[in-house]
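Following: one structure in structure tokens, then a few remarks.
Heavy atoms only: backbone and side chains are in, while hydrogens, waters and symmetry mates are out. For clarity, every value in this text was computed on a predicted model and none was experimentally measured.
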Amino acid sequence: MKRALLPVLAPALVALGLVPAVSRAEDAQPAAASTPVHQFSVYSRGGVQAYLAPNRSTGLFGGSVGVRDIIQDRFILQADVGYLMNFGNVVPVQVAAGMQHRIGFYTPAALATLTGFFGERLSFLSSDHPSVNRIPPVALGLLLAPARFTVEGAQLSILEFGVGVSPEFPGVGVAYQLNLIDVGVSF
Amino acid sequence: MLLAAALLGASACTPVTPLDESKLPVLEEIASQIDQDRLMGTVADLVAEHKSEKPFDCELLGPNTSVYPELCNLTHEKAGEYMQRRLEQLDLPVRREVVAKDLLTVSNVIAEYKGVKYPEEVILISAHFDVYYAAADDNSTGVAAVLELARVLSQYKFDRTLRFVGFDLEELGYVGSHRYVESLGSSKEVVLTVNFDSLGYYNDTPGSQQTSLGLPAPSEANFLAVIGNDNSLERVNEFMALNESFDTMRTFGVVASGLGNNPGNAPLLRSDHGPFWLRGHEAVFISDTAYFRNPGYHNEKDTMDLLNPPMFRKAVQLSAAAIAYWAGVQP
């Protein structure tokens with residue numbers, strides 16, 4: 001995996017400005033013994049994030065920025081805030097905790113997420129839901145990052161998938177997340 | 001956080017809007033006067049008027065006519081004259097508001113029934129009278145509803161003024177309503193617009209109602225949609241509450257955030273209430289949801305045999321009660 005992807009991934013990270021060009025040779029070395037306990041990074045992602053329920057729809061297209069802490073090169077804590085549009089102007093706030101598995105610079109990850117959707121929405125009124133629910137939905141879910149790579153503390157992940165649920169009394173709403181790209185840089 | 005949100009969510013749905021229950025008996029009486037035979041007779045008249053008219057000169061509209069053949073099957077003049085004639089028969093003052101601008105001249109039909117307590121406050125009741133093909137549902141039903149509402153409501157006294165309006169050239173981009181709203185300027189006299197567009201198509205078959213991403217709806221196309229934005233949220237709530245009181249028909253409310261101009265709300269803007277929303281006016285849109293269910297939408301199959309007269313009547317009955325409530329009907 002590592003040898004096969006390196007020629008593609010390393011130039012991509014360099015092109016994104018995430019890794020200095022001079023360090024490309026070092027990238028071939030796996031992050032190992034010298035890994036700090038806490039590795040903080042800022043990250044940004046873009047894609048689709050929506051909350052769809054029988055009584056309201058919100059979000060859809062947009063992105064987020066956040067802060068991530070990778071602990072002992074294994075555990076991930078992160079929090080981000082963003083902007084979504086389509087079914088109104090929405091600020092999604094997500095906190096997540098999970099794990100990454102390192103195989104060289106290939107670091108797929110899985111995270112449990114808690115996502116709040118704050119702002120505008122499209123509401124649907126029926127006999128089950130006779131009035132507008134103005135409390136922002138908060139969905140508990142799972143986010144998978146199967147194509148995630150880490151080189152020298154810079155992270156690049158493409159096509160992350162997430163799903164979550166939130167109660168709506170009666171029924172549930174489902175939060176969908178498809179991150180086209182997630183890029184993080186350590187500091 | 002999830003638990004807190006869940007608990008908050010459980011209590012966040014404010015109770016259904018309370019109604020002034022002293023008005024319910026007179027509202028029920030008004031609703032009972034909506035006549036199904038008159039409604040269907042008017043639809044038949046309008047369909048005949050459209051069929052007898054030479055369609056609009058679509059060459060004015062440029063090359064799009066090959067992509068959208070319905071553009072060459074638009075009629076409006078005779079239906080406008082018919083609407084004017086019927087409103088005059090009710091002894092209401094009627095005028096045509098003609099606005100010639102760019103390539104298109106519109107001629108809206110406007111009739112008024114003065115309120116007795118706040119005559120300067122206007123409830124505008126509208127439907128577009130221009131249609132594609134014979135257009136039984138879209139929008140002869142809407143025009144028939146406005147005419148039947150004018151007949152019934154003009155027998156009562158209201159605090160506010162009722163203004164019955166037929167908008168011209170909705171199908172070409174809400175031209176009549178857009179120019180009407182422009183003419184209002186900064187005036188706040190129109191306190192609420194109730195717009196009807198397609199009221200007569202219903203189907204109990206599961207799956208007969210189409211939806212789109214983020215716009216859920218019941219599976220059966222047997223409900224009436226009442227659509228508002230944040231400005232008109234209370235009116236949507238009241239409409240739903242009146243239906244609960246009278247148990248008239250299945251209704252489904254939709255409320256768009258803000259003015260309703262977000263991209264995902266585009267299907268909700270597709271009638272003459274749209275220009276009112278975008279100018280910050282209160283407006284509700286009452287519809288069978290047209291192209292989300294009617295196979296005759298904007299084609300030659302939009303004929304009377306697709307209509308469901310009893311359900312159409314119920315939609316107008318519920319609307320009559322709501323308008324009378326909003327206008328402040330006097331006992």
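- When all heavy atoms of B/G200 and B/F312 are compared, the closest pair comes out as CA-CB, 4.2 Å.
- The shortest distance between side-chain heavy atoms of B/Y325 and B/D20 falls below 4.5 Å.
- Along residues 253-268 of chain B, the residues that come nearer than 4.5 angstrom to chain A, judged on non-hydrogen atoms, are B/G253, B/V254, B/V255, B/A256, B/S257, B/G258, B/N262, B/P263, B/G264, B/N265, B/L268 in order of number.
- Contacts between A/A50 and chain B at a heavy-atom distance below 4.5 Å are absent for every atom of the residue.
- Contact annotation: the side chain of B/Y174 never approaches that of B/H128 to less than 4.5 Å [non-hydrogen atoms, C-beta and beyond].
- Under the 30°/60° scheme for interplanar angles, the aromatic rings of B/W277 and B/H273 are found to stand perpendicular.
- For the side chain to side chain contact (heavy atoms under 4.5 Å, CB included) with A/R68, the lone residue among A/V185, A/D182, A/V42 that qualifies is A/D182.
- Environment of CZ in A/F40: crowded, with over 12 heavy atoms of neighbouring residues, nucleotides or ligands closer than 6.0 Å.
- The two residues B/T211 and B/P216 have their closest heavy-atom pair at CG2-C, 4.0 Å.
- Ring geometry, B/F167 versus B/F276: the interplanar angle falls from 30° to 60°, so the pair is classed tilted.
- For chain A, the option among B/V236, B/L215, B/N229, B/T251 with the highest count of heavy-atom pairs below 4.5 Å is B/L215.
- Between A/E168 and A/R56 there is a salt bridge, since a side-chain N of the basic residue sits under 4.0 Å from a carboxylate O of the acidic one.
- Across all non-hydrogen atoms, the minimal contact from A/S64 to A/Q49 is OG-OE1, 4.4 Å.
- Between B/S287 and B/S198 there is a side-chain heavy-atom pair separated by less than 4.5 Å.
- Interface with chain B: from residues 76-85 of chain A, residues A/M85 qualify, criterion being any non-hydrogen pair under 4.5 Å.
- Of the two parts of A/L60, only the side chain, counted from C-beta on, holds a non-hydrogen atom closer than 4.5 Å to a non-hydrogen atom of chain B.
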